[in-house]
Every structure is written in C-alpha cells, then in structure tokens.
Amino acid sequence: MTDTVLGFIGLGVMGAPMCHNLLRHSGKPVTAYDIDTAAVAEVERAGGTHASSAAELVAASDIVFCSLPGGDEVEAVVTDVLGHCREGQTVVDLSTSPVRLVQRLAEVLAGRGVAFADAPVARTRHAAVEGTLAITVGADAEVFARVEPLLRCFATDVTHCGPVGAGALVKLLNNMVVFETVVALAEAVTLARRSGLVGDEQLFDALGKGSAASFTLENHGKKALLPDLHPESAFPARYMRKDVGYALDLAADVGVRAPAGELAHQLLDELCEQGHADAYHTAVVRLIDAE
C-alpha cells in the first residue's frame with residue numbers, strides 16, 4: 001500500500017482532525033475535499049492536497065474516507081461520484097448512517113468493483129484530535145484488513161463487528177444507550193437538586209462508586225450535566241435525534257419495540273423544537289428541570 005493515495009471528504013468537527021491524523025501518521029498522500037475552503041487550506045498547510053470536487057477526489061484516490069453529517073449526505077455524495085469510481089477502490093464511511101442505507105450503497109458500489117466499509121466513529125472531538133477514537137467496522141475480512149491500519153491513525157479502538165451494516169448498527173445502539181443514560185442522569189440530578197438533600201458533586205461521586213458507574217456518568221454527567229454546560233461545539237441534539245431515529249427505524253424493520261428509545265427520541269424532538277437543536281444533547285436536562 002506504499003503508493004496508495006488516500007482521499008478524505010468532509011472536514012467538519014470530527015472529520016478535520018481525523019484527516020490531519022491520517023496525513024500525519026499514514027505515511028501516504030492525502031487529498032481532501034470540503035465546501036469549507038478554510039478547512040481544506042489547513043490540510044494543505046499540513047502537507048496534503050485539495051480537490052475541487054468530490055468527484056475529482058474520488059477519481060484520484062484509491063481509498064476514500066467520508067465523514068459527513070448523516071445518511072442523506074453520504075447517499076448524495078456516493079450518488080454524485082459513482083460515475084468516477086473504478087474497480088479496486090475502497091470507500092470507508094466514517095459517518096453515522098442507517099444500516100439499510102450502507103448495505104444498499106455497498107451493493108451499488110460492488111457493482112462497479114468498489115469495496116465498502118461502514119466505520120462510524122465514537123467518542124469526542126478531543127478524542128478525534130488526540131487520535132483516540134473508537135470505531136466499529138462493518139466489512140468483509142479482506143476489506144477490514146486493508147483499512148484497519150489506516151483507521152488506527154486516528155483511533156485506539158477498532159472493532160470488526162461483522163459484515164457491512166454491523167458497524168453502523170453497533171454505533172447506533174451505542175448512541176441510543178448513551179442518550180438513554182443521559183436522560184436517566186438528568187432525571188437523577190434534577191431530583192437531587194429539588195430535594196435539597198445532596199449536592200451535585202456528592203451525587204455523581206456516589207453514583208460513580210456504585211453500580212451506576214459508567215463512561216457516560218464520568219463524561220456527560222460530570223463534564224456537562226454537573227456544571228450545566230451544553231455547548232454548541234459538542235455533539236448536538238439534532239445529531240443525536242438523527243441517530244436515535246435511525247436506531248428506531250431499524251427496530252421497526254426487525255420487529256422490536258424500544259420504548260426507552262422512543263421516549264429518548266420524543267425528548268430530543270422537544271429539545272430541538274424549543275431552540276436547542278445545536279446544543280450538546282445533555283441540554284435535555286432543561287426539559288426535565290422545567291417540569
């Protein structure tokens with residue numbers, strides 16, 4: 001793979017640091033494309049090159065990474081560049097996309113001899129900058145072996161979950177569980193505050209030492225709910241609503257009722273409708289505290 005040319009589409013909150021880490025650690029030429037010309041210029045200053053369009057990038061690349069807001073954008077880009085794909089290429093979707101969509105896109109690309117992997121990333125922007133993301137991958141074994149070393153340029157945990165669609169499925173379930181836990185923590189901290197019997201720090205310290213201990217408590221709880229800070233620079237409520245919605249769509253497809261997920265999605269709808277769509281999804285505490 002020494003002569004492999006890498007392409008990266010999407011230099012947003014997560015995509016930009018991933019692209020920079022790929023450029024820094026892969027030892028391969030990286031071409032980037034985004035409608036944000038300033039973000040592209042940053043990649044050029046770091047030693048990468050730019051493409052004037054997604055189609056131009058795909059035509060020049062052997063392995064193409066996409067980091068986009070969601071399934072609609074991924075489908076639009078793949079549709080746009082399909083005519084520029086060639087046999088032997090690999091497309092890696094780092095976005096959080098619907099399971100059925102990535103399976104369908106994989107079939108379409110396979111018709112042109114192009115391999116596909118769904119590899120949605122988890123953890124925070126800080127993790128993307130530090131190269132410590134977690135990635136769940138759906139791909140056949142040969143494709144996974146091809147892309148794993150590249151994914152490890154910006155991730156410390158890379159899990160091969162199964163065939164195409166498995167990576168997206170695990171990421172969606174991860175996000176659904178995280179937000180359901182955030183709701184539970186928001187309820188707990190609001191109850192504690194209203195009771196006047198225990199302080200926030202004492203509450204989270206005790207929960208962290210008991211069976212309620214979790215990554216979500218340590219990060220979403222202590223770093224957002226406890227100080228009541230829900231910045232727009234973090235993972236927004238509208239993105240979480242999308243992801244929980246994707247999980248519920250799949251639940252309907254396979255005949256599973258997910259009542260906690262349904263409530264979570266309903267709360268996210270309310271949160272977005274009340275003007276908090278761009279706030280960190282932990283702002284759900286505002287809804288609970290307003291009751």
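Bear in mind the structure is a predicted one, so any value in this text is a computation, not a measurement.
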Tell me whether [X] contacts the main-chain N or O of [Y] through its side chain, where contact means a donor paired with an acceptor under 3.5 Å.
X    : Y    : answer
E270 : L287 : no
N21  : A128 : yes
N219 : F215 : yes

Any [X] side-chain heavy atom under 4.5 Å of [Y] side chain:
X    : Y    : value
P17  : R125 : yes
V108 : V78  : no
V244 : L268 : yes
V77  : I9   : yes
V183 : F179 : yes
D93  : F116 : yes
E148 : V137 : no
P98  : R100 : no

Indicate, with yes or no, if [Y] and [X] share a hydrophobic cluster defined by side-chain heavy-atom contacts under 4.5 Å among Ile, Leu, Val, Met, Phe, Trp and Tyr.
X    : Y    : value
V43  : L57  : no
I288 : L225 : no
L23  : I135 : yes
V74  : V164 : yes
L172 : L248 : no

Could you grab the distance from atom [atom1] of [X] to atom [atom2] of [Y], nearest 0.5 Å is fine?
X    : Y    : atom1 : atom2 : value
T37  : E44  : OG1   : CD    : 10.0 Å
L94  : L151 : CG    : CG    : 6.5 Å
M14  : R123 : CE    : CZ    : 10.5 Å
N174 : T216 : CG    : OG1   : 8.0 Å
E56  : S61  : CD    : OG    : 9.5 Å
L101 : D72  : CG    : CG    : 8.5 Å

Between [X] and [Y], what is the shortest heavy-atom contact and its length?
X    : Y    : value
S97  : G71  : OG-CA, 4.0 Å
R45  : A38  : NH2-O, 4.4 Å
C161 : G167 : CB-N, 4.3 Å
G245 : H265 : N-CD2, 3.5 Å
S26  : L22  : OG-O, 2.6 Å
V114 : C85  : CG2-CB, 3.8 Å

Checklist entry - Apart from V129 itself, which Ile, Leu, Val, Met, Phe, Trp or Tyr residues share its cluster (side-chain heavy atoms under 4.5 Å, direct or through members)? => result none

Consider only side-chain N and O atoms of [X] and [Y], and report whether a donor and an acceptor are under 3.5 Å apart.
X    : Y    : result
K171 : T136 : no
T90  : R146 : yes
D228 : H230 : yes

Item to check | Option from V198, L203, D200 for which side-chain contact (heavy atoms from CB on, under 4.5 Å) with R193 holds | outcome: D200

Item to check | Partner of R241 under side-chain contact (heavy atoms from CB on, under 4.5 Å), chosen from L271, D269, L267 | outcome: D269

Next on the checklist: Assess the residue pair M240 and F235 against the criterion (side-chain contact (heavy atoms from CB on, under 4.5 Å)); give the C-alpha distance rounded to whole Å, side-chain angles, the decisive distance to 0.1 Å, and a yes or no.
Outcome noted: CA-CA 7 Å; M240 184 60 84; F235 191 73; 3.8 Å; yes

Salt-bridge criterion met for [X] and [Y] (N-O under 4.0 Å):
X    : Y    : value
E218 : K223 : no
D62  : R86  : yes
D289 : R194 : yes

Checklist entry - Between L226 and V189, does a side-chain contact (heavy atoms from CB on, under 4.5 Å) hold up when you go through it step by step? => result CA-CA 8 Å; L226 192 153; V189 74; over 6 Å; no

Next on the checklist: Tell me whether the rings of F8 and F65 are parallel (<30°), tilted (30 to 60°) or perpendicular (>60°).
Outcome noted: parallel

Next on the checklist: Give me each pair satisfying ring pair (Phe, Tyr, Trp, His ring centres under 6.0 Å) with a member in residues 123-148, each pair once, sequence neighbours excluded.
Outcome noted: F144-H160

Checklist entry - Aromatic ring centroids of H220 and H281 under 6.0 Å? => result yes

Item to check | Full working for side-chain contact (heavy atoms from CB on, under 4.5 Å) between E75 and R104 | outcome: CA-CA 10 Å; E75 183 173 23; R104 179 161 54 81; 3.0 Å; yes

Next on the checklist: Test side-chain contact (heavy atoms from CB on, under 4.5 Å) on M176 and E180; report intermediate values, then the result.
Outcome noted: CA-CA 6 Å; M176 185 171 72; E180 289 172 1; 3.3 Å; yes

